[in-house]
Q: 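Pasting a structure here, questions to come.
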Amino acid sequence: MHSQQVTGAGRAPLTHDVIIAGCGPTGAMLAAELRLHDVRVLVLDKRTEPASFVRVVGLHMRSLELMAMRGLLDRVLPHGRQRPAGGFFAAIPKPPPQGLDSAYAYLLGIPQPVIERLLEEHAAERGAQVRRGRAVAGFEQDDEGVTVELAGGQRLRSRYLVGCDGARSTVRKLLGVAFPGEPSRTETLMGEMEVGVPREEIAAKVAQVGQTHRPFWLRPFGETVYSVVVPAAGAGDRAEPPTLEDFRQQLRAIAGTDFGVHSPRWMSRFGDATRLAERYRVGRVLLAGDAAHIHPPIGGQGLNLGVQDAFNLGWKLAAQIRGWAPATLLDTYQAERHPVAADVLDNTRAQMELLSPEPGPRAVRRLLTELMDFDEVNRHLTEKITAIGVRYDFGEGPGLLGRRLPDVEVKNGRLYALLHHGRGLLLDRTGRLTAGGWADRVDHLADASAGVDVPCVLLRPDGHVAWIGDDQQDLEDHLSRWFGEPAT
Ligand SMILES: Cc1cc2nc3c(=O)[nH]c(=O)nc-3n(C[C@H](O)[C@H](O)[C@H](O)COP(=O)(O)OP(=O)(O)OC[C@H]3O[C@@H](n4cnc5c(N)ncnc54)[C@H](O)[C@@H]3O)c2cc1C
């Protein structure tokens, strides 16, 4: 599409508020969040069918909390398997730290196509339109909207466009946003399959081979199924999913035996490219999920990070469209989420180093393995991987400011049940405060027995603590900061 601006008279009507390129987990979650605020959303995906490649991903604590906040968790849980919330950092086998501060202190292993389907259904039920077999091929933005061109030439128009179109994002490339970082240097095969030799034999061989080859592990999941990770070293066609024969060949080459692997549940390959978009927003076009950041899947954070981007962006973009957003609200999306992604990229870099078979990294790994016996170290790393440790910078204030509030008990139930509609919440133990002119955007719960040890908390729709205190005037300053002008 050429880059001249379309003049007002020649513009097609704005048929949608937001067009989302890509109906992966990030795009579907964003669509659902926008629909909570009656935003007219169209999701376009170039694939005619949802992804069918089966790989099991892990939903970490913060993502499970988000699902609970929108009433989705009961739908998701039956499709997954709960596992302990520890042992993810660099695959160092440790139990979870003591007393994790979440009502959802586990990992949910779930096939990626299943979570994608559930999120897409959730978005569609809330009224998002999803059109498949439609690839975004170009766009042009002007002062009131974005004209989006599909492969095939059709043009659509919306007020905003969000690129949730994955690692090779067309939207990011067309925006000209730089994607600095490191290219992929190594390829790894990863899958779940059954084995044909006894457990003890596998454990002994893995311990021996793990001294010289990494990433390499066979870890039991249940009775007979093992998670298998082995360097690809050029095995198979990079453009295709690996075959069982690729796994057998690599296991024999590295361990001298293929452990009799058979009956694979799923098989995948991944590289270690690590990149972060320089900007998440250019005018009316934004990026989220893998379109904005890529990193190796060690620790299982990518999908979680994308879904959490969507959760951060949804209510802000909706506020912008509904007309009540304070002037800088939309820019807080990049200000808050870019550092979180940078931190995830860094922790995956560190984890990949810890998988190296070289003597130096092996020594560091031994040392870290010892350090993780200190509960505080284990907790720090677990909170990082699971994203419950994220704290946005809202300025000076108590430790809780900028963090997410756990699903504490409130009268008649739990806090997250009050957040299903994506509104703000004033959780008020004093019973003296009021959301006043913001009552159309912010709910108020007066509850002296609420499970927080501060007088009053203002929660944003994404569950992060925007204010703590007991003074009405101070509260109103913060209501203005996050929720705009009061209704008259
Ligand atoms: C082996 C492996 C294991 C992993 N394990 C985990 C894990 O345990 N936990 C975890 O959190 N993450 C994991 N990940 C990462 C996770 O799969 C990704 O981070 C996640 O899929 C990103 O979601 P997304 O919606 O941002 O992008 P995608 O899932 O890539 O979705 C992008 C969508 O955009 C569509 N699209 C592309 N171009 C266009 C276009 N021009 N127009 C319209 N549509 C377009 C695509 O068809 C696709 O549907 C793993 C990845 C790998 C490779």
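As the structure lists them, so they are numbered: ligands from 1, and atoms in each ligand from 1.
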Q: Do side-chain atoms of R265 reach the backbone of V225 as a donor and acceptor pair under 3.5 angstrom?
A: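 It does not hold such a pair.
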
Q: Roughly how far, to the nearest 0.5 Å, is the CZ atom of F259 from the OH atom of Y226?
A: 9.5 Å

Q: Tell me if the aromatic rings of F394 and H464 count as close, with their centers under 6.0 Å from one another.
A: no

Q: Got the residues with a heavy atom under 4.0 Å of ligand 1, by chain and number?
A: G22, G24, P25, T26, L44, D45, K46, R47, R55, V57, G58, Q112, R134, A135, V136, C164, D165, G166, T170, M190, S268, F270, G289, D290, P297, G300, Q301, G302, L303, N304

Q: Show the atom names and distances, to 0.1 Å, of all donor-acceptor pairs under 3.5 Å that link a side chain in residues 90-103 to residues at least two apart or in another chain.
A:
{"from": "K94", "atom 1": "NZ", "to": "T369", "atom 2": "O", "distance (Å)": "3.0"}
{"from": "K94", "atom 1": "NZ", "to": "D373", "atom 2": "OD1", "distance (Å)": "2.7"}
{"from": "S102", "atom 1": "OG", "to": "E65", "atom 2": "OE2", "distance (Å)": "2.8"}
{"from": "S102", "atom 1": "OG", "to": "Y104", "atom 2": "N", "distance (Å)": "3.0"}

Q: Taking ring pair (Phe, Tyr, Trp, His ring centres under 6.0 Å) as the test, write out the residues that go with H295, two or more places apart.
A: none

Q: Which pairs with one or both residues in residues 328-352 pass ring pair (Phe, Tyr, Trp, His ring centres under 6.0 Å), sequence neighbours excluded?
A: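 Residue pairs passing ring pair (Phe, Tyr, Trp, His ring centres under 6.0 Å), neighbours aside: Y280-Y333, Y280-H338.
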
